[in-house]
Asker: 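Following this message is one structure expressed as structure tokens.
Every chain is numbered from 1, with letters handed out A, B, ... down the list of sequences. Quantities reported herein were computed from a predicted structural model and do not represent experimental measurements.
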Amino acid sequence: MKYDFSSVEKKWQKIWDEQKTFRAEDDHTKPKFYGLVEFPYPSGHGMHVGHIKAYSGLEVICRKRRMQGYNVLFPIGFDAYGLPTENSAIKFGVHPRQITDENIVKFTNQLKSVGFSFDWSRVVDTTDEDYYKWTQWIFLKMFENGLVFRDKTMVNYCPSCKVVLSNEDSQGGKCDICHSDIIQKTKEVWYLRITEYADKLLQGLKEVDYLPNIKLQQENWIGKSTGAFVDFRIKEYDESLKIYTTRPDTLYGVTFMVIAPEHPIIQNHRDGISNIDALDEYKSECAKKSEFERTQLVKDKTGVKIEGLTAINPVTGKEIPIYISDYVMMGYGTGAIMAVPAHDTRDYEFAKKFGIDIIEVIKGGDISKEAYTGDGEMINSGELNGITNKKDAIAKMLNILERLGCGEKGVQYKMKDWAFNRQRYWGEPIPIIHCPNCGMVAVPYDQLPLKLPEVKDFKPGTDGESPLAKIDDFVNCKCPKCGGNAKRETDTMPQWAGSSWYFLRYCDPHNNSEFASKEALEYWMPVDWYNGGMEHVTRHMIYSRFWHKFLYDLGLVPTAEPYAKRTAQGLILGSDGEKMSKSRGNVVDPNDVVLEYGADVLRLYVLFMGDYEKAAPWQEQSIKGCKKFLDRVWALQDMVVDGNEYSDDLKSSIHKTIKKVSNDIENLKFNTAIAALMTLINEIYAKKSITKGELKTFITLLNPFAPHMTEEINELMGYDVPLSSTEWVSYDEAMCVDDTIEIVAQINGKVKCKAVISKDAPNDEVISLVKSDEKIIEATQGKSIVKEIYVPGKLVNLVVK
RNA sequence: GCGGAUAUGGCGGAAUUGGCAGACGCGCUAGAUUUAGGUUCUAGUGUUAAUUCGUGCAGGUUCAAGUCCUGUUAUCCGCACCA
């Protein structure tokens with residue numbers, strides 16, 4: 001009987017849909033498991049095989065958890081605000097709402113066609129009024145609590161199109177649309193004070209189970225550094241220039257200072273600077289580069305010396321020049337640095353180019369050739385001379401600075417506050433009103449959601465305004481405080497907003513009075529296991545942890561951390577080994593695979609193709625192996641003999657397979673779990689028969705991977721209870737241990753022969769057995785055995801001379 | 001430049017974490033079945049004349065290294081020159 005995957009898969013998908021098989025239960029007394037995958041952005045291209053791989057991992061784990069008796073919440077939704085939708089709306093003149101709805105339908109059908117066991121009653125759509133009402137609500141709570149502020153920033157601006165552009169749309173300093181030169185323009189924008197949570201975000205990592213490299217990336221992103229703030233007196237004025245350094249120990253080696261071109265001290269003393277024109281020109285040249293580009297142009301340091309401002313090194317009392325250069329950023333530290341050319345590569349390059357003194361203060365390198373950044377004995381450093389330990393040197397210097405009253409210990413974070421706005425239509429409107437009398441006023445909570453108004457033209461407004469700015473009905477309003485005429489904020493929130501709390505909404509998605517009820521949150525939170533892409537472990541995860549921690553501080557969520565565990569899957573590359581992309585033309589559409597091979601084969605293949613956590617290229621040929629395997633599983637039905645027991649010659653293998661599959665699934669080692677099932681089926685084929693009980697175990701183990709076929713076999717075997725409600729199989733540890741073991745005999749580490757021994761044979765017996773082997777005798781002839789090593793159950797190694 | 005990773009047969013990848021390198025799958029070879037092709041089944045398949053050599057490259061530690069250490073090269077991903 002040939003397997004008709006198409007009709008069988010449709011049959012079971014219909015049953016799951018109609019019987020709501022995978023709904024999370026509201027019974028809060030059962031043990032729960034909350035498995036979360038990153039919800040997709042419903043793009044017009046439809047799903048990507050990468051989505052299938054990303055979801056298949058936790059899919060297998062969630063199906064297994066249900067079989068283990070857990071009440072499982074495995075939700076899905078759509079992160080639907082974003083530029084691509086808006087751009088196609090502009091291009092085709094269709095409302096983004098319509099495009100989004102169409103795409104969501106498309107994605108839903110595709111996800112269902114793969115048979116994912118999502119709880120479809122809890123779908124969340126970030127662009128839904130009932131959802132973004134609460135996104136705005138949380139934003140207002142942050143506003144109330146002083147975490148929202150306005151400040152200036154530099155944005156990529158196209159003077160020809162008169163719009164603000166993203167970094168992506170302004171690569172190479174050219175506008176993506178009209179190809180004219182981008183300039184950096186100052187604009188006042190919204191910020192969320194995420195830096196206030198920097199330390200909490202860092203500390204919180206101690207209590208969660210994330211992969212070590214994920215933790216490391218988050219730590220590096222937060223980037224806590226301890227150092228010192230030091231004040232350098234300006235000779236010409238009664239003021240000082242504050243810098244931040246992580247290496248206060250090198251203060252004696254400071255021979256110049258560098259400040260960011262935008263540093264306010266220049267504006268404050270324009271009259272006293274003789275070469276102000278040159279500085280202005282340099283500054284405007286820098287304005288053409290984005291911050292990222294500034295980081296790229298490391299090859300050649302540029303800068304201009306400020307004529308008219310001289311700093312004084314607080315410890316040596318020497319006068320030192322001040323330069324402006326774009327390798328110093330206004331956005332980190334104080335926008336000014338003390339330069340120690342002998343011990344900092346960037347400062348070294350700069351000093352070489354401008355002919356500035358280089359003073360060695362740490363022994364160990366050759367500063368005539370390059371900067372020495374290692375440790376060593378302090379020299380040329382007054383009181384610090386002779387200290388060899390960096391920590392001690394820093395401590396001593398901090399003492400000196402304190403005594404001189406010109407410096408103190410300081411902590412800096414790389415992390416910047418979160419620029420929380422976009423000048424675009426398709427996003428959550430920021431619920432703030434600008435009143436000429438009262439300033440910034442929150443939209444009252446009872447007026448939420450502040451709905452996105454209907455517009456005809458979604459194009460960005462000119463002069464960097466949002467399209468909403470063109471709608472008078474929306475903009476003009478009354479101030480909720482004083483009742484006077486006021487104007488609404490017209491910026492919308494960035495795409496990251498909606499995804500910063502979606503996991504909370506899943507707990508109670510239809511609640512109209514709260515973002516989620518306390519009971520639901522207390523039962524379901526935290527997320528037990530979150531899996532997603534490596535590209536989201538910094539931004540999305542840090543942003544959402546920040547929102548969650550904020551809500552925790554308000555007592556609105558029960559746990560300090562949202563995600564108890566986080567893993568990440570590797571990319572699926574194209575068959576050419578390159579990243580899949582439209583432009584390379586190597587994209588695989590999961591639909592095609594479902595149509596040609598079936599959903600079970602697709603699911604199996606994405607998990608079998610390689611280590612789940614590593615990137616692997618798509619190989620059309622290899623899919624056939626998975627197809628063949630499932631065909632062999634189907635054909636097992638022709639070999640069934642009666643009996644619910646495991647037969648003697650398969651017993652041990654079955655127990656071992658149960659153990660391996662069970663453990664491998666927990667460790668995301670799906671490829672080896674599947675390989676173990678393949679090995680077992682090879683054994684069954686060699687034997688040409690399988691008992692009913694053995695087959696039942698086999699399809700139970702395979703069910704999370706290939707649910708359609710296994711449910712069908714289960715039904716054909718006459719079982720009333722579907723596998724989805726069947727208990728996961730257990731194994732007997734004693735059955736996994738063999739009575740006899742094969743050990744290896746080595747001479748000087750090279751394998752010479754093998755021997756089969758009983759599992760509890762004493763050491764002496766094993767060694768003498770090995771020594772009596774012909775090959776060993778031959779190899780040891782005329783030589784003396786210097787050492788005998790026996791690793792129980794593994795090998796014997798004889799060292800001979 | 002900084003940060004994170006990766007490198008094993010013709011290919012995708014295994015290797016219980018220092019103990020038989022190449023599980024499992026693809027591909028390939030031969031045989032069986034089939035009118036033929038496909039499918040399916042069976043056997044073989046790193047390399048070598050070898051008891052040889054073999055996990056990007058060069059060293060080192062060890063009785064024993066894909067695995068640990070030092071250096072190095074290449075590729076991929078992320079980035080905010082992080083002082």
Side-chain angles (χ1 to χ4, degrees), chain A residues 2 167 212-214 216-217 219-221 223-225 227 243-247 250 258 290-299 301 325-329 331-334 336-340 343-347 349 412-416 533-535 537-539 570-571 573 575 577-579 605 608-611 613-626 628-629 631-632 635 660 663 669 671-679 681-682 685-686 688 742-754 775 778-779 786-789 791 793-800:
Chain A
K2 202 170 178 300
N167 285 338
N213 57 330
I214 293 177
L216 194 59
Q217 282 205 22
E219 277 165 18
N220 288 339
W221 180 271
K224 182 177 183 171
S225 76
I243 61 103
Y244 175 73
T245 179
T246 51
R247 297 297 303 271
T250 60
V258 185
S290 71
E291 198 163 309
F292 184 62
E293 272 182 292
R294 278 163 72 166
T295 73
Q296 296 305 299
L297 300 170
V298 286
K299 303 280 179 289
K301 290 276 178 288
S325 174
D326 61 1
Y327 80 95
V328 171
M329 302 289 148
Y332 183 80
T334 60
I337 63 158
M338 60 178 219
V340 187
H343 306 287
D344 182 287
T345 343
R346 292 152 304 173
D347 298 345
E349 283 171 30
Q412 278 288 302
Y413 296 93
K414 282 190 209 171
M415 191 165 68
K416 296 175 184 172
M534 213 55 208
E535 69 274 22
V537 305
T538 46
R539 274 195 289 191
L571 285 177
L573 305 172
S575 49
E578 306 255 351
K579 193 173 169 176
Y605 177 62
F608 182 66
M609 62 194 298
D611 185 330
E613 302 178 65
K614 287 186 195 151
W618 183 268
Q619 288 190 301
E620 183 73 29
Q621 289 280 12
S622 294
I623 302 171
K624 286 183 190 158
C626 293
K628 203 165 126 184
F629 169 65
D631 285 343
R632 279 157 75 86
K660 178 145 184 70
N663 292 340
K669 301 291 176 199
N671 53 339
T672 50
I674 295 165
L677 289 168
M678 288 173 167
T679 309
I681 207 172
N682 287 344
Y685 265 71
K688 294 192 175 65
E742 192 184 56
I743 60 149
V744 170
Q746 298 177 329
I747 300 284
N748 293 343
K750 301 238 171 184
V751 180
K752 292 293 166 187
C753 70
K754 291 171 186 185
K775 280 183 186 153
E778 195 184 319
V786 189
K787 204 171 177 183
E788 294 168 354
I789 293 143
V791 184
K794 292 264 164 67
L795 55 70
V796 172
N797 189 17
L798 303 177
V799 185
V800 300

Asker: Can you give me the N/O atom pairs linking the protein to nucleotides 20-23 of chain B at distances under 3.5 Å, or say none if there are none?
Answerer:
{"unit_1": "B/C20", "atom_1": "O2", "unit_2": "A/K754", "atom_2": "NZ", "d": "2.4"}
{"unit_1": "B/C20", "atom_1": "N4", "unit_2": "A/E742", "atom_2": "OE1", "d": "3.4"}

Asker: Ignoring hydrogens and angles, tell me if any N or O in the side chain of A/Y605 forms a donor-acceptor pair with the backbone of A/E620 under 3.5 Å.
Answerer: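 Such a contact is absent between A/Y605 side chain and A/E620 backbone.
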Asker: In Å, rounded to the nearest 0.5 Å, how long is the span from CD of A/E219 to NZ of A/K224?
Answerer: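 Atom-to-atom, A/E219:CD and A/K224:NZ are 11.0 Å apart.
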Asker: Just wondering, do A/I214 and A/M534 contact through their side chains at under 4.5 Å, heavy atoms?
Answerer: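 Heavy-atom side-chain distance check passes, below 4.5 Å.
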Asker: If you pin A/Y244 and A/A615 to their nearest nucleotides in RNA chain B, which one's is more 5'?
Answerer: A/A615
Asker: Reckon A/E535 touches a base, only the sugar-phosphate, or nothing at all at heavy-atom distances under 4.0 Å?
Answerer: nothing
Asker: Is there a donor-acceptor contact under 3.5 Å from the side chain of A/Y327 to the main chain of A/V258?
Answerer: no
Asker: Is there side-chain contact between A/M338 and A/D347, with heavy atoms separated by less than 4.5 Å?
Answerer: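 Side-chain contact under 4.5 Å: no.
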Asker: Look at the side chain of A/K787 and decide which nucleotide, out of B/G13, B/C63, B/C26, has an atom nearest to it.
Answerer: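 The closest nucleotide is B/C63.
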Asker: Say we look at B/G10 and B/U47: how far apart would their C1' atoms be, to the nearest angstrom?
Answerer: 13 Å
Asker: Side chain of A/N797, heavy atoms from C-beta onward: which of B/G19, B/C24, B/A80 has the nearest atom to it?
Answerer: B/G19
Asker: Write down the distance between CD1 (A/I337) and C1' (B/A80), rounded to a whole number of angstrom.
Answerer: 16 Å
Asker: In whole Å, what is the span from the CD atom of A/Q621 to the P atom of B/G10?
Answerer: 18 Å
Asker: When rounded to the nearest 0.5 angstrom, what distance separates CE in A/M678 from OG1 in A/T672?
Answerer: 11.5 Å
Asker: Which nucleotide in the set B/C82, B/G4, B/C63 lies at the smallest distance from any side-chain heavy atom of A/K416?
Answerer: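 Nearest to the side chain of A/K416 among the choices is B/C82.
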Asker: So how far is it from A/T245 OG1 to A/Q412 CD, rounded to the nearest 0.5 Å?
Answerer: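 Nearest 0.5 Å value for the OG1-CD distance: 11.0 Å.
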Asker: Looking at every heavy atom in both A/W618 and A/I623, which two are closest together, and how far apart are they?
Answerer: CZ2-CD1, 3.5 Å
Asker: Give the stems involving RNA chain B, where a stem is 3 or more consecutive Watson-Crick or G-U wobble pairs (i with j, i+1 with j-1, and so on) under 3.5 Å.
Answerer: B:1-7 with B:73-79, B:10-12 with B:24-26, B:27-32 with B:40-45, B:56-60 with B:68-72
Asker: Where the side chain of A/K614 is concerned, which of B/G13, B/C63, B/U6 is the nearest nucleotide?
Answerer: B/U6
Asker: Quick check for you: to the nearest 0.5 Å, what is the distance between A/T334 atom OG1 and A/I243 atom CD1?
Answerer: 6.5 Å
Asker: Determine whether A/K414 and A/W221 make a side-chain contact, defined as any pair of heavy atoms from C-beta on separated by less than 4.5 Å.
Answerer: no
Asker: Please report the distance, rounded to the nearest Å, between CD in A/E613 and C1' in B/A14.
Answerer: 15 Å
Asker: Please report the distance, rounded to the nearest Å, between CD in A/E219 and P in B/G4.
Answerer: 11 Å
Asker: If I take atom CD from residue A/E613 and atom CG from residue A/N671, how far apart are they, to the nearest 0.5 angstrom?
Answerer: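 Here the rounded value is 10.0 Å.
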Asker: Using a 4.0 Å heavy-atom cut-off across all strands, classify A/L216 as base, sugar-phosphate, or nothing.
Answerer: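 Sugar-phosphate, backbone atoms only, no base.
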Asker: What integer number of Å spans the P atoms of B/G56 and B/A49?
Answerer: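 That atom pair is separated by 25 Å.
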Asker: How close or far is atom P of B/C82 from atom CD1 of A/I243, stated in whole angstroms?
Answerer: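 Between P of B/C82 and CD1 of A/I243: 15 Å.
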Asker: Is the phosphate of B/G12 approached by A/Q619 (side-chain N or O, under 4.0 Å from OP1 or OP2)?
Answerer: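 Answer no for this pair, as no side-chain N or O of A/Q619 is under 4.0 Å from OP1 or OP2.
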Asker: Do A/E788 and A/N797 come within less than 4.5 Å of each other through their side chains, counting heavy atoms only?
Answerer: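 No - every pair of side-chain heavy atoms lies 4.5 Å or more apart.
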Asker: If you check the A/S225 side chain, which of B/A83, B/C63, B/C26 turns out closest?
Answerer: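 Ranking B/A83, B/C63, B/C26 by closest atom to the A/S225 side chain puts B/A83 first.
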Asker: Taking atom P of B/G13 as reference, at what distance in whole Å does atom CD1 of A/I623 sit?
Answerer: 15 Å
Asker: Is the base of B/U72 syn or anti, if syn means a glycosidic angle within 90° of 0?
Answerer: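 Here B/U72 takes the anti form, which means its glycosidic angle is more than 90° from 0.
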Asker: For B/A50 and B/U45, measure between their P atoms and round to the nearest Å.
Answerer: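 B/A50 and B/U45 have their P atoms separated by 14 Å.
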Asker: For B/G71 versus B/C63, give the span between their C1' atoms, rounded off to a whole number of Å.
Answerer: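 Per the computed distance, 26 Å lies between those C1' atoms.
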Asker: Take atom C1' in B/G4 and the same atom in B/U8, then report the distance between them in whole Å.
Answerer: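 About 22 Å, rounded to a whole number of Å.
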Asker: Atom OH of A/Y413 to atom C1' of B/A83: distance rounded to whole Å?
Answerer: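 In whole Å, B/A83 C1' lies 17 Å from A/Y413 OH.
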Asker: Of all the choices, B/G4, B/G13, B/C82, which nucleotide is nearest to the side chain of A/K414 once you look at every atom?
Answerer: B/C82
Asker: In whole Å, measure the gap between the P atoms of B/U52 and B/G22 for me.
Answerer: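 Per the computed distance, 15 Å lies between those P atoms.
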Asker: Rounded to the nearest Å, what distance is computed from the CG atom of residue A/D611 to the P atom of nucleotide B/A15?
Answerer: 8 Å
Asker: Is the closest side-chain heavy-atom distance between A/I789 and A/Q746 below 4.5 Å?
Answerer: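 Result no, sub-4.5 Å side-chain heavy-atom pair not found.
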Asker: Which way is the base of B/G9 turned, syn or anti, if we draw the line at 90° from 0?
Answerer: syn
Asker: Would you measure the distance from the C1' atom in B/U35 across to the matching atom in B/G44 and give it in whole Å?
Answerer: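 These two C1' atoms come out 29 Å apart once rounded.
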Asker: Each nucleotide N or O in nucleotides 37-42 of chain B that has a protein N or O under 3.5 Å away: list the pair and distance.
Answerer:
{"unit_1": "B/C41", "atom_1": "OP1", "unit_2": "A/R632", "atom_2": "NH1", "d": "2.4"}

Asker: Tell me what A/A635 touches on the nucleic acid: a base, only sugar-phosphate, or nothing, going by heavy atoms under 4.0 Å.
Answerer: nothing
Asker: Tell me whether the OP1 or OP2 atom of B/C79 has a side-chain N or O from A/R539 closer than 4.0 Å.
Answerer: yes
Asker: Please give the distance between the P atoms of B/G31 and B/G18 as a whole number of Å.
Answerer: 47 Å
Asker: Sub-3.5 Å donor-acceptor pair from the side chain of A/Y244 to the main-chain atoms of A/G227, do we have one?
Answerer: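 Checked: pair present.
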Asker: Looking at every strand, decide which applies to A/M534 at a 4.0 Å heavy-atom threshold: base, sugar-phosphate, or nothing.
Answerer: nothing
